[in-house]
Undergrad: 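Sending over a structure as structure tokens; questions will come in a sec.
So that the names make sense, note that chain A is the first sequence line, chain B the second, and so on, each numbered from 1.
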There are 2 protein chains.
Amino acid sequence: MANPPTIKEIAKRLNLATSTVSRALHNHPRIGLRTRMQVQALARELQYEPNRTAIFFQQKKTFTLGIILPELSEAFFSAAISGIEDTANKSDYMVLLGQSHDDTEREKKIAHIMKDHRVDGLLVSLAKNTVDYSHFEMLQKYNIPVVFFDRIPDLTDIHYVACNMESGTLQAVSLLLEKGHRVIGMINGPEELIASRQRTTGYQQALRKHRLKYDATLNINSDLTGKGTREAMKQLLSNKRKVTAIVAFNDYVSQDAVQYALEQGLQIGKDITFVSYANLPLSSYMAFPPIASVEQYPYLQGQKATEILLELLTGKQAKNEFRHVVLDSRLVIR
Amino acid sequence: MANPPTIKEIAKRLNLATSTVSRALHNHPRIGLRTRMQVQALARELQYEPNRTAIFFQQKKTFTLGIILPELSEAFFSAAISGIEDTANKSDYMVLLGQSHDDTEREKKIAHIMKDHRVDGLLVSLAKNTVDYSHFEMLQKYNIPVVFFDRIPDLTDIHYVACNMESGTLQAVSLLLEKGHRVIGMINGPEELIASRQRTTGYQQALRKHRLKYDATLNINSDLTGKGTREAMKQLLSNKRKVTAIVAFNDYVSQDAVQYALEQGLQIGKDITFVSYANLPLSSYMAFPPIASVEQYPYLQGQKATEILLELLTGKQAKNEFRHVVLDSRLVIR
DNA sequence: GTGGTATGGGCAAACGGTTGCGCAAATTTT
DNA sequence: AAAATTTGCGCAACCGTTTGCCCATACCAC
């Protein structure tokens, strides 16, 4: 037999209706025990496997979750995907992947393809300069729920999982203050990112606790590229006050910043100290790792986001309620 | 309208047959220009989008490629995925993802789910201890072509893309020899991996060129875990001859090995020198990076493998011919 | 014997498209 | 002007499965 056996085949061989076979395979109580057994026996013998595409079509469900995120090769995201995939697989969902490469246009295109493929739901971490969310609103029309994680839009009528960077930043800056640093620079991300603003808030809180006042020239918004980081460093190092510690947006930024500092002849850990936000396992391999890292729980975020999405899909969730899960970040000292 | 418009809707509104609408949308020449325009206009107006699941079902094609690989969080694989995804997207294919976590059982399970989802084709990089390929042979029955990449089975009647580690290893060991090293240890992978055997061959070739003889006690098979690496290091460092250089299986292994060496009080670059195989961008962040790395072109491998798979799907490829693409690895000196 | 209720299973529609074939009208050919 | 061909479109089957509803037969109580 060239093509795989269908339910019809089984029906014909057993002189039954396809409906009976279908029910027998699903252990429907209306089908007598002996027919049920016969059907199942033959199904096994023929190595029958239901044609999922037919079922997807019929049930209007694909058991597929879409993921859109900026960059797979960033450790943070690949850890998040692991969390997503593991969780999805437990419920027999598959995972359809798309990278935006931090490009809003690509993000839009992928969102459309995902819709065309009729994914049951979508998990999204935004491209860093996405400010227009129309391509996600469009999905509501198709009844495709979206759960954002980590890089989330600044909206309340959405579902999301994110890490609150405030607490972690507060701890990180406090640590530096306790170690005697008084002029602490911060290489922050783009203003649009909530996470950037949270970092700022945490930074300010730490200063307030120590009765120091906030100096905006020490908090630089950068675009997170290598070039941007170097410019930020240049600004910080030429500040009228002498910066002795720097909070870098993440380990990649930290790495670039360290590089720049070295080029300027500074000694890491002596002239200048770094703390950062974890992109594990990167930091464990770095030549001059930050003295502390704010953990952002990528795996957990992926897992949580997927759980929420799955709940949304099984309808356990009231549609009009928006789920907001905020994990507290936590400082890990090396 | 709650549910998206269908072809039937359009037909009804225009008093046409669904077949006509379908053809009109596909610019079938048999449909008159004016009807064609009318249909397309209305389709635009209603924002008609074909229901892909219906098409998938009908055409027995899903425009989806499956990927099975060991671990997303390894930089090598996430780079490979990027290559795969980018290439697939160009042909409007989506990418379904599964991680085996280097576990053969999981690999099998995923292969089955992929089959159930009727992926059009599969890209696979094997779990490191997979020796039974029955779950991939099974796919042939369903007419799902498989292209292996990087971690490939030791078979000839398959399609694959891989990097030949021989040339790179030859270059790497030659470099060490030229630098005066005479006792060069090698932390190799599991014997089952072709890549391990290629490394051995390259190593032997280099020695032969320099008229040195091969000492099997310097070539240790390890399981690539941190623990395995430490054991391998222990063996190498206790060799009766003094090992002054080590070829590590990859950057992760190199990292662990360096760690161990440091613990033993050795000075990297002085007492002992490392070369490795690239898991970029890891090495650029390492505290004691290897002096040279064998590049394995993950993005390119992913790209090539996908191109082959796509050709297989469009039938441009003779079915009975097996495509074997072998990229030569190349040494990159820091 | 009549009516009622399980019990076991079949019929057919529906999901949303695609496509081979047929059929009329319009156009060209001879 | 009849025949042949082209043009334009509709009919209906089909892809594999699920499911609402209907229909026998059997069994029960009265």
Undergrad: Determine: side-chain N/O of Thr6(B) to OP1/OP2 of dC15(C), distance under 4.0 Å, yes or no.
TA: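 False: Thr6(B) side-chain N/O out of range (4.0 Å or more) of dC15(C) OP1/OP2.
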Undergrad: With the threshold set at 4.0 Å, does a side-chain nitrogen-carboxylate oxygen contact exist between Arg106(A) and Asp86(B)?
TA: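 Salt bridge flag = yes for Asp86(B) with Arg106(A).
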Undergrad: So, is Thr18(B) close to the dT18(C) phosphate, meaning a side-chain N or O under 4.0 Å from OP1 or OP2?
TA: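 For dT18(C), OP1/OP2 do not have a side-chain N/O of Thr18(B) under 4.0 Å.
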Undergrad: Would you say the base of dT17(D) stacks on Phe57(A) (centre-to-centre below 5.5 Å, plane angle below 30°)?
TA: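 Base of dT17(D): not stacked against Phe57(A).
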Undergrad: On DNA chain D, check which nucleotide each of His26(A) and Arg30(B) is closest to and give me the residue with the more 5' one.
TA: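 First, find each residue's nearest nucleotide; the 5'-ward one identifies Arg30(B).
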Undergrad: May I ask you to verify if any side-chain N or O of Thr20(B) is less than 4.0 angstrom from the OP1 or OP2 atom of dG10(D)?
TA: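 So the side-chain polar atoms of Thr20(B) do come within 4.0 Å of the phosphate oxygens OP1 or OP2 of dG10(D), strictly under.
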Undergrad: In whole Å, I'd like the distance from the CG atom of Asn15(A) to the P atom of dG10(C).
TA: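 Computing the Asn15(A):CG to dG10(C):P distance gives 9 Å.
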Undergrad: Does the base of dC11(C) carry an N or O that pairs as donor and acceptor with the side chain of Ser19(A) under 3.5 Å?
TA: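 Such a pair is found, so the answer is yes.
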Undergrad: Looking at Lys8(B), does any N or O in its side chain come under 4.0 Å of the phosphate oxygens OP1/OP2 on dA14(C)?
TA: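 Result: no.
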Undergrad: Can you figure out which of dC15(C), dG10(D), dT19(D) approaches the side chain of Ala17(B) most closely?
TA: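 Comparing dC15(C), dG10(D), dT19(D) against the side chain of Ala17(B), the answer is dG10(D).
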Undergrad: To the nearest Å, how far apart are Arg52(B) CZ and dT18(C) P?
TA: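 In whole Å, dT18(C) P and Arg52(B) CZ are 10 Å from each other.
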Undergrad: Under a 3.5 Å cutoff, is there a donor and acceptor pairing between the side chains of Asn89(A) and Gln99(B)?
TA: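 Short answer, no.
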Undergrad: How many Å lie between CD1 on Ile31(B) and P on dC9(D), as a whole number?
TA: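 Going from CD1 in Ile31(B) over to P in dC9(D) covers 6 Å.
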Undergrad: Would you mind reading off the distance between His28(A) atom NE2 and dT19(D) atom P, rounded to a whole angstrom?
TA: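 After rounding, the gap between these two atoms is 9 Å.
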Undergrad: For dT18(C), does OP1 or OP2 lie under 4.0 Å from any side-chain N or O of Ser22(B)?
TA: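 For Ser22(B), the contact criterion (side-chain N or O under 4.0 Å from OP1 or OP2 of dT18(C)) is met.
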Undergrad: Could you tell me whether Thr53(A) contacts a base, only the sugar-phosphate backbone, or nothing, with contacts defined as non-hydrogen atoms closer than 4.0 Å?
TA: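 No contact.
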Undergrad: Using side-chain heavy atoms (C-beta onward) and a distance below 4.5 Å, is Pro145(A) in contact with His159(A)?
TA: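 They are not in contact (no side-chain heavy atoms under 4.5 Å apart), so the answer is no.
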Undergrad: Tell me the interatomic distance from Lys60(A), atom NZ, to dT19(D), atom P, rounded to whole angstroms.
TA: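 It works out to 13 Å between those atoms.
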Undergrad: Answer yes when Asp102(A) and Arg151(A) have at least one side-chain N-carboxylate O distance shorter than 4.0 Å, and no when they do not.
TA: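 Looking at Arg151(A) together with Asp102(A), the answer is yes, because their closest N to O distance falls below 4.0 Å.
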Undergrad: Can you tell which of dT17(D), dG16(C), dG9(C) lies closest to the side chain of Asn51(B)?
TA: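 Given the options dT17(D), dG16(C), dG9(C), the side chain of Asn51(B) is closest to dG16(C).
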Undergrad: Take atom CZ of Arg23(B) and atom P of dG20(C), then tell me their distance rounded to the nearest Å.
TA: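 About 8 Å, once rounded to whole Å.
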Undergrad: Starting from P on dT18(C), measure out to CD1 on Ile55(B) and report it in whole angstrom.
TA: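 So the CD1-P distance, Ile55(B) to dT18(C), works out to 5 Å.
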Undergrad: CZ of Phe56(A) versus P of dC15(D): gap in Å, rounded?
TA: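 The answer, rounded to whole Å, is 20 Å.
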Undergrad: If you count every heavy atom of other residues, nucleotides or ligands that lies below 6.0 Å from Lys12(B) atom NZ, does the total exceed 12?
TA: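 Check fails, neighbour count at 12 or below.
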